[in-house]
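I have placed the structure first, in the form of structure tokens, so that the comments after it can refer back to it.
We name chains A, B, ... by the order of the sequence lines, and we start the count at 1 in each one. The model shown is predicted, which means the values in this text are computed figures rather than measured ones.
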Protein chains: 2
Amino acid sequence: MSNYDLKQEVTDKYSLRGRVFNKLRADILSGKYKDHEELKEVAIGEELGVSRTPVREAFRQLELEGLIQIIPNKGAYVTGITAKDVQDIYMIRSLLEGLCARWATEHITEAQLEELEENVYLADFHASKGHLDQMADLDNRFHHILYEACNSRQLERLLVDFHEYVLRVRKKTLSNGGRGKISNDEHRQIMEAIKDKDGGRAEELAHEHMINAYDNMVKNGLYHIYPMEGEESLEMEGRDKP
Amino acid sequence: MSNYDLKQEVTDKYSLRGRVFNKLRADILSGKYKDHEELKEVAIGEELGVSRTPVREAFRQLELEGLIQIIPNKGAYVTGITAKDVQDIYMIRSLLEGLCARWATEHITEAQLEELEENVYLADFHASKGHLDQMADLDNRFHHILYEACNSRQLERLLVDFHEYVLRVRKKTLSNGGRGKISNDEHRQIMEAIKDKDGGRAEELAHEHMINAYDNMVKNGLYHIYPMEGEESLEMEGRDKP
DNA sequence: CTAGGTATAATTGTATGCAATCATACGATA
DNA sequence: TATCGTATGATTGCATACAATTATACCTAG
């Protein structure tokens, strides 16, 4: 995986609850826990070397993210994620990324615009060199700048969430063929539309960018639902297990 | 308030945690807790007559909904909701309701379509009679049918969530002037577009319907952010407080 | 042999205790 | 007087104990 770390994990990374949450989410999205599988508090707790309390708190959050369903007094059941979910999310994202680009056009600061330009410029360089990790970082960063620039807490929260989600089921999308270069060209167009204060064009370009990304991902089989491959293991590092 | 109950509260209503969650969310959205106010576990717990455990679990969920921010080892702080949040949500919703209508056109069942027709027909009657509560129920139900009909877990989850959200800050939007009638006319047009299998038109109509609803709400000052008025009190009914 | 019921086990829901962390106040020192 | 350090209190993080609920197994009656 790349060395890019989202600035804020959805929940804090250093509490037990946060680590349980992130681990379980990763395990669900990566397919370790199968659809409809029951998650038992004590079992999870023992596996991770923690008590039921942080496990329960993590469950509550996973439920709100739609990854598990909790039936009161019965149990927590994995909801999994299907290929259709991924497709739907990309379609939803394509609309929202468009809206985001439009709003960003109206609200972006000079500093943010400059960072966008620098991002595109740098990505051009790394694309030519085939530096995949850096490309992935810059891609993530590009979108996050727009999320911030759109000046909407609500939209930013949604998009950050979806982006997170997608990162987990996506293999290195940019690593194949010329998509890295093409993707960055699309970034450049978006950036220039924003620079020109052409919100409508920015919206349309961002919209298409997302659809292209999805098409490319599907066409090349670059995403998994339940891969079972040795993804980054998200171990509970730094804690002694009794 | 109307006698309409969302089929599923976001979290179950009869556990202590669920009641704490719903109560806190309502109190935040209704303005009982002001922006940046700190929520203390013991204080909330004592107020509601429960221990810290269910309060903590409710906090975790409220954090994910963006209503509070939890700073590890420090505390939970209310994020509140601003007029801009409401506006943004309506703009986001207008896009997603459009997408929902389009997808619903492709996936709606005969039974669902029939319920839509019945809904519009009935609403016409109640509109002429000025039955506000029934109008509100039918309005909610109309949208929920579409949420189900769109055949997308992801989109449904988002829209149900936003709808819930909006219900809390909205006074009786349909109660004024002729909006009830007009709104139902828009519903009819959407329904007919879906019946005609014209997804594009359904999308556009649903999109505009939402923008109209927002405009009407704002123009008439029919929503509140921090009202302090005697909203339904969402008491923790059915539990003895020691 | 099956249906129903009861006892028992397993699991979740809640409360509480203890440890860790953070805020505050007070005092010592420059 | 200002600043740093320490002590104390408040608050959260986690673990565990107990209560309530649900699932399972076994036994009995028909």
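On a pure distance criterion of 3.5 Å, a polar donor-acceptor pair joins the side chain of A:T53 and the base of D:dT16.
Looking at B:N151 and B:W103, their side chains never come closer than 4.5 Å, going by heavy atoms from C-beta outward. Annotation: side chain of B:K23 is in contact with side chain of B:K32 (closest heavy-atom distance under 4.5 Å). The side-chain heavy atoms of A:V160 and A:Y165, taken from C-beta on, include no pair separated by under 4.5 Å.
Partners of B:R157 according to the salt bridge (Lys or Arg N to Asp or Glu O under 4.0 Å) rule, which considers only residues two or more places apart in sequence or in another chain, do not exist here. Every residue meeting the side chain to side chain donor-acceptor pair (under 3.5 Å) condition with B:R93, not counting sequence neighbours, appears here in chain and number order: B:E97, B:Y147. Partners of B:R56 under the salt bridge (Lys or Arg N to Asp or Glu O under 4.0 Å) rule, at least two apart in sequence or in another chain, are A:E57, B:E41. Qualifying salt bridge (Lys or Arg N to Asp or Glu O under 4.0 Å) partners for B:K40, counting only residues two or more places apart in sequence or in other chains: none.
Remark: C1' of C:dG13 and CD of B:E57 are 8 Å apart, rounded to the nearest angstrom. Distance, A:L16 CG to D:dA15 C1': 10 Å, rounded to whole Å. Between B:E46 atom CD and D:dT12 atom P the separation is 12 Å, expressed in whole Å.
Over its full length, the helix from C:dC1-D:dG30 to C:dA30-D:dT1 turns its helical axis through 10°, comparing axes from the five pairs at each end and rounding to 10°.
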Pick out the pairs of N or O atoms, protein on one side and nucleotides 10-12 of chain C on the other, that lie under 3.5 Å.
| unit_1 | atom_1 | unit_2 | atom_2 | d |
| --- | --- | --- | --- | --- |
| C:dT11 | OP1 | A:K40 | NZ | 2.9 |
| C:dT12 | OP2 | A:E41 | N | 3.4 |
| C:dT12 | O3' | A:N73 | N | 3.4 |

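Salt bridge A:R25/A:E164: present, at least one basic N to carboxylate O contact under 4.0 Å.
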